[in-house]
Q: 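Structure below; questions to follow.
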Amino acid sequence: MHLQKFVRNHIEYRIAPLTSEQSRINPQRGKKVKQADGKDELGEIINRSKILCVFPFQIKEQKTELPSGICQTGRITEGETTIFPNLHPFSENHVVGVMTTEHFLNLDQFLSKLIQNNLVASRKYILAVNANDRNARFPTYLWGYMPSSAGSIIHTHAYLW
Ligand SMILES: [Zn+2]
């Protein structure tokens, strides 16, 4: 599986390997003059949130477990991904799928294996929920990264329900 892309009139067209959806990117936009680069503010957010991050505690010490009907071992893991119950659920079967042990990753640090492991673990969870409750037929996988995508927790994770 690889990303298909081509350039036409200085616009880069990318075809998503999973969905065949197309997106357009103008690489020249990265060179335009900026009034503010936001790097200092972002660095502060990352450092501050790392100190307050609850995921290492929730994964290593709190040990909340999935119901035994969903997972006999209490947690679904795949590579660096760990799936565990959301402490503040807003839906039945609402869990967190933390993608990596690193608090923050730059975009070029998201190796395909990290994302693949998160998707594989999430699939296992979704299938287990459905096997346990045949009425649970419409799963949701939600991944937003960083405040600009409404991600209020910096540490990379997906929500599933
Ligand atoms: Zn963290």
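Start at 1 and go down the list; that is how both ligands and their atoms are numbered.
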Q: For Phe90 and His88, I'd like to know if the aromatic rings sit close, meaning centre-to-centre distance below 6.0 Å.
A: no
Q: Could you check whether any side-chain heavy atom of Trp161 comes within less than 4.5 Å of a side-chain heavy atom of Val129, counting everything from C-beta outward?
A: no
Q: Determine whether more than 12 heavy atoms belonging to other residues, nucleotides or ligands lie under 6.0 Å from atom CG of Asn106.
A: yes
Q: Quick check: are there more than 12 heavy atoms from other residues, nucleotides or ligands sitting under 6.0 Å from CZ of Arg123?
A: no
Q: Ignoring water, what protein N, O or S atoms are under 2.8 Å from the Zn ion (ligand 1)?
A: Cys53 SG, His103 ND1, His155 ND1
Q: Please name all residues satisfying side-chain contact (heavy atoms from CB on, under 4.5 Å) with Ser49, sequence neighbours left out, ordered by chain then number.
A: His103, Ile154
Q: Hey, does the side chain of Tyr145 reach the backbone of Leu105 with a donor-acceptor pair shorter than 3.5 angstrom?
A: yes
